[in-house]
Amino acid sequence: PLTYGKNVEDMIDSNDLYEAGKFKQLREKLEKEGYLFIRGVIPKETILKARKMCLTQANKDNSILINDKAKLDHARIFRKGNKYSEGYCFDAITGSETNEREDIDIDAWEEIGPSDICKSVYNGKDIQRFWNNLFNPQSLNPLIQQTFIRLMGNSGTVQHADYYYFKKDTKIFNNKDGIQSQKAAQKY
């Protein structure tokens, strides 16, 4: 099993390279480490607008608790006893709920997922500029069809990366990609 502090450690921040515009070094770090952790690529205000839109709808669906003590900006998935409400997972292109929940306003979520407010987070000008600087724009193939909006609850989904879909849907990786991941996986 993966154990924090043993073979899973804190991600190392790359904001210094990003803020200095050192995209060649960022590409090298991505190749070596397999990830980049950068804060602020997408402005906080942009993210908060999308978050507010999603939480407002979740509140209408009675999935989150908002009151005088729990304001919208501190909302959490509703809990009854020791069980949380089921979370949400929406396809960003269609807005369709992938968990096939019946107790929510599907029509409202189908408008939220592909809305300009949400698109500004997952495919807006800020993230596009970042990708264009990090990779050659001619080789860029965004994973829009693999973008999901999640509100975590009791859905059982933990933080993860869908490597299979990244591999399948992009031309960014070459024939030698994943070797480090495969070697690491063999240990377990």
Give the minimum heavy-atom separation between [X] and [Y], together with the two atoms involved.
X	Y	value
Leu26	Tyr18	CD1-CA, 3.9 Å
Thr46	Ser120	CG2-OG, 3.2 Å
Cys118	Gly113	CB-O, 3.5 Å

Going by the rule side chain to side chain donor-acceptor pair (under 3.5 Å), which residues pair with [X] if we only count those two or more places apart in sequence or in a different chain?
X	value
Glu110	none
Lys29	Ser14
Asp103	Arg101

_Qualifying side chain to side chain donor-acceptor pair (under 3.5 Å) pairs, either residue in residues 52-61, two or more places apart_ =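 Every pair satisfying side chain to side chain donor-acceptor pair (under 3.5 Å) with a residue in residues 52-61: Gln57-Asp61, Asp61-Tyr88, Asp61-Trp109.
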*Under the salt bridge (charged side-chain N to carboxylate O under 4.0 Å, His left out) rule, collect the residues that match up with Asp16, sequence neighbours excluded.*
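For Asp16, no residue satisfies salt bridge (charged side-chain N to carboxylate O under 4.0 Å, His left out) once neighbours in sequence are set aside.
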*Kindly write out the residues that satisfy salt bridge (charged side-chain N to carboxylate O under 4.0 Å, His left out) with Asp13, not counting sequence neighbours, or none if the list is empty.*
Arg39
*Would a 4.5 Å heavy-atom cut-off, applied to side chains only, mark Ile127 and Tyr122 as touching?*
no
*Side chain to side chain, Asn123 and Trp131, heavy atoms closer than 4.5 Å*: no
*Going only through I, L, V, M, F, W and Y residues with side-chain contacts under 4.5 Å, is there a path from Val41 to Leu30?*
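Same cluster: Val41 reaches Leu30 through Ile, Leu, Val, Met, Phe, Trp or Tyr contacts under 4.5 Å.
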*Can you hop from Ile117 to Leu48 via hydrophobic side chains spaced under 4.5 Å?*
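No.
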*asked:* Looking at Glu111, I'd like to know if its CD atom is crowded, meaning that more than 12 non-hydrogen atoms belonging to other residues, nucleotides or ligands lie closer than 6.0 Å.
replied: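 Open.
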*Decide yes or no on side-chain contact (heavy atoms from CB on, under 4.5 Å) for Ile38 and Leu17, but give the supporting numbers first.*
CA-CA 9 Å; Ile38 303 172; Leu17 296 173; over 6 Å; no
*Determine which pairs satisfy ring-ring contact (aromatic ring centres under 6.0 Å, His included) with at least one residue from residues 22-68, sequence neighbours left out, and list them in order.*
none
*Any salt bridge (Lys or Arg N to Asp or Glu O under 4.0 Å) pairs touching residues 19-28, not counting sequence neighbours?*
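Matches after skipping sequence neighbours: Lys24-Glu28.
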_Sequence neighbours excluded, every pair satisfying salt bridge (Lys or Arg N to Asp or Glu O under 4.0 Å) that has a member inside residues 113-132_ =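 Listed by first then second residue: Asp126-Arg129.
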_Value rounded to 0.5 Å, distance of CD1 in Ile104 from CG in Asn62_ =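 If we round to the nearest 0.5 Å, Ile104:CD1 and Asn62:CG are 12.0 Å apart.
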